Amino acid sequence: MKARDRLRIAMQKSGRLTEPALELLNRCGLTFRQSRDKLFCFGEGEPVDLLLVRDDDIPGLIAQGVCDLGIVGRNVLDEYRFTAGMGGPALAEWRPLGFGRCRLSVAVPQEVDYRDASQLQGMRIATSYPGLLGEWLRERGVDAGVVTLAGSVEIAPRLGTADAICDLVQSGGTLVANQLREVDVLLESEAVLAGPQALPSDERGDMIDLLLKRLDGVIQVRESRLLLLQTSRGALDAVIRLLPGGPQPTLLPVAGQPDQLMLQALCAGEVSWRQLEEIKKAGAREMFVLPVEKMLA
Ligand code: PRT
Ligand code: ZN
């Protein structure tokens with residue numbers, strides 16, 4: 001096989017997305033031998049290699065055709081579209097991956113009153129996302145100064161170099177520590193599988209197709225929960241009405257208790273404490289929520 005007959009995926013070399021991205025690829029049956037410089041990882045079983053780079057470089061590598069796919073934050077992908085990638089080949093978000101969740105938000109000093117974006121008029125806003133922020137301000141007809149910083153955006157208001165910031169927020173702890181208040185969300189972000197708009201029409205297209213199918217299976221299992229509970233026959237309808245979405249539940253008799261049933265339901269997504277409490281109120285007991293390891297329908 002010639003080198004470029006192999007699929008090449010770009011991912012973050014060292015950062016928040018590295019571990020979960022590798023774990024996801026492993027779950028898809030891909031394993032890698034790391035090279036000594038740790039830039040390139042050769043795929044062992046399948047013809048899929050990894051390029052380990054800074055996350056900011058990933059969209060460009062896909063646009064240039066150096067890599068076929070990339071695992072990157074939506075924030076980075078969308079920022080690229082409005083800056084370096086403008087006018088270049090369009091990139092697509094192939095799948096949301098469910099990790100690296102955060103949001104790109106505007107925050108102002110705690111004492112500043114904020115009702116809507118119009119109050120940012122004439123302000124200086126520090127950010128590492130000038131493309132996304134500029135677009136957001138334009139859509140709202142707000143004329144504000146965008147101060148582009150590579151990092152430590154959150155201290156700009158205290159230093160007097162900006163009046164507000166636009167940065168990634170996860171727990172909100174960084175904002176609180178810097179006496180800032182989150183006031184508007186520009187983008188809900190998570191890691192995504194990014195690629196070109198259209199699949200290549202050669203073997204690599206088929207490999208991407210195969211990888212997407214495995215990925216869908218892995219994501220579906222990861223988000224599935226098995227709910228087990230006991231209920232009386234009388235309460236069954238009420239209990240079933242409260243079950244989170246998923247296929248029809250399975251019912252089994254309980255030995256020695258003809259009025260009782262054991263119910264088993266596959267749920268698409270997390271089952272919250274509140275949902276459990278509601279189901280219990282409807283008459284269920286002995287409830288268990290279990291993760292699903294593998295699934296073959
Ligand atoms: O070296 P390289 O350029 O590859 O790494 P990096 O430093 O640019 O990226 P890294 O590893 O910090 O983040 C990679 C991606 O993780 C981001 O592009 C986001 O898609 C995602 N992500 C998820 C986050 C966060 N959560 C996050 N909390 N990226 C950054 N943060 C920072 C944020 O900038 C702020 O400083 O954490 C702080 C806020 O966190 P809280 O919890 O205090 O709100
Ligand atoms: Zn980065």
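Keep in mind that this is a model prediction, so the values were computed, not measured. We count ligands from 1, going down the list as the structure has it; atoms in each ligand are counted the same way.
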Can you tell me how far the OG1 atom of T174 sits from the CD atom of E154, to the nearest 0.5 Å? 6.0 Å

Pick one of side chain, backbone, both or neither for how L17 approaches ligand 1, counting any non-hydrogen atom pair under 4.0 Å. side chain

E46/R214 salt bridge by N-O under 4.0 Å criterion: yes

CD on Q275 to CG on L242, rounded to 0.5 Å: 9.0 Å

Which of the atoms in ligand 1, numbered in the order shown and given with their element, are less than 4.0 Å from a heavy-atom of D56? 3 (O)

So for ligand 1, is D55 a polar contact partner (N or O within less than 3.5 Å, distance only)? yes

Salt-bridged, D209 to K213, with N to O below 4.0 Å? yes

Looking only at distances, please establish whether an N/O atom of ligand 1 is found under 3.5 Å from an N/O atom of E154. no

For V169, take its heavy atoms, then give the atoms of ligand 1 lying under 4.0 Å from any of them. 44 (O)

Which of the numbered atoms in ligand 1 are under 4.0 angstrom from any heavy atom belonging to D167? 34 (O)

Kindly compute the distance separating CG (D184) from CZ (R115), expressed to the nearest 0.5 Å. 13.0 Å

Short list, please: which atoms of ligand 1 are under 4.0 Å from a heavy atom of G173? 43 (O), 44 (O)

Give yes or no for whether the N/O distance cutoff of 3.5 Å, strictly under, is met between L175 and ligand 1. no

So, are D57 and R54 salt-bridged, with charged N and O less than 4.0 Å apart? no

Of all the non-hydrogen atoms in the protein, which one sits nearest to atom 1 (O) of ligand 1, and at what distance? R54 NE, 3.5 Å

Counting heavy atoms only, which part of N75 comes closer than 4.0 Å to ligand 1: side chain, backbone, both or neither? side chain

Axial cation check for F42 ring with R6, 6.0 Å and 45° limits: yes

Would you give the length of the straight line joining atom CG of L7 to atom CD1 of I208, rounded to the nearest 0.5 angstrom? 5.0 Å

Which atoms from ligand 1 have a heavy atom of G100 less than 4.0 Å away? 21 (C), 23 (C)

Close side-chain approach of T127 and V147, heavy atoms under 4.5 Å: no

The Zn ion (ligand 2): which protein N, O or S atoms are under 2.8 Å away? D55 OD1, D56 OD1

Which residues pass the side chain to side chain donor-acceptor pair (under 3.5 Å) test with D259, sequence neighbours left out? none

Would you call R8 and D49 a salt bridge, using N to O less than 4.0 angstrom? no

Taking distance alone, with no angle check, do Q12 and ligand 1 share an N/O pair under 3.5 Å? yes

Nearest protein heavy-atom contact for atom 38 (C) of ligand 1: which residue, which atom, what distance? T174 OG1, 3.5 Å

Of C102, A191, G172, the residue with the heavy atom nearest atom 26 (N) of ligand 1 is C102

Any N or O of Q170 that comes nearer than 3.5 Å to an N or O of ligand 1? yes

Heavy-atom protein contact below 4.0 Å for atom 12 (O) of ligand 1: yes

Supply the atom-to-atom distance I165 CD1 to M123 CE, rounded to the nearest 0.5 angstrom. 13.0 Å

Are any of the side-chain nitrogens in R103 or E182 under 4.0 Å away from the carboxylate oxygens of its partner? yes

I'd like to know if R138 pairs up with E135 as an ion pair, taking the criterion as any Lys NZ or Arg NE/NH1/NH2 lying under 4.0 Å from an Asp or Glu carboxylate oxygen. yes

Numbered atoms and elements of ligand 1 in range of G15, under 4.0 angstrom, heavy atoms: 11 (O)

Is a salt bridge present between E277 and K281, judged by a nitrogen-to-oxygen distance below 4.0 Å? no

Per-atom contacts of ligand 1 with G73, taking only distances under 4.0 Å to non-hydrogen atoms: 20 (O)

Are D55 and K13 ion-paired here, with the side-chain N under 4.0 Å from a carboxylate O? no

For atom 37 (O) of ligand 1, closest protein heavy-atom neighbour: R16 NH2, 3.2 Å

Just which atoms of ligand 1 are under 4.0 Å from any heavy atom in S171? 41 (P), 42 (O), 43 (O), 44 (O)

Among all the protein's non-hydrogen atoms, which is closest to atom 33 (C) of ligand 1, and how far away is it? L168 O, 3.4 Å

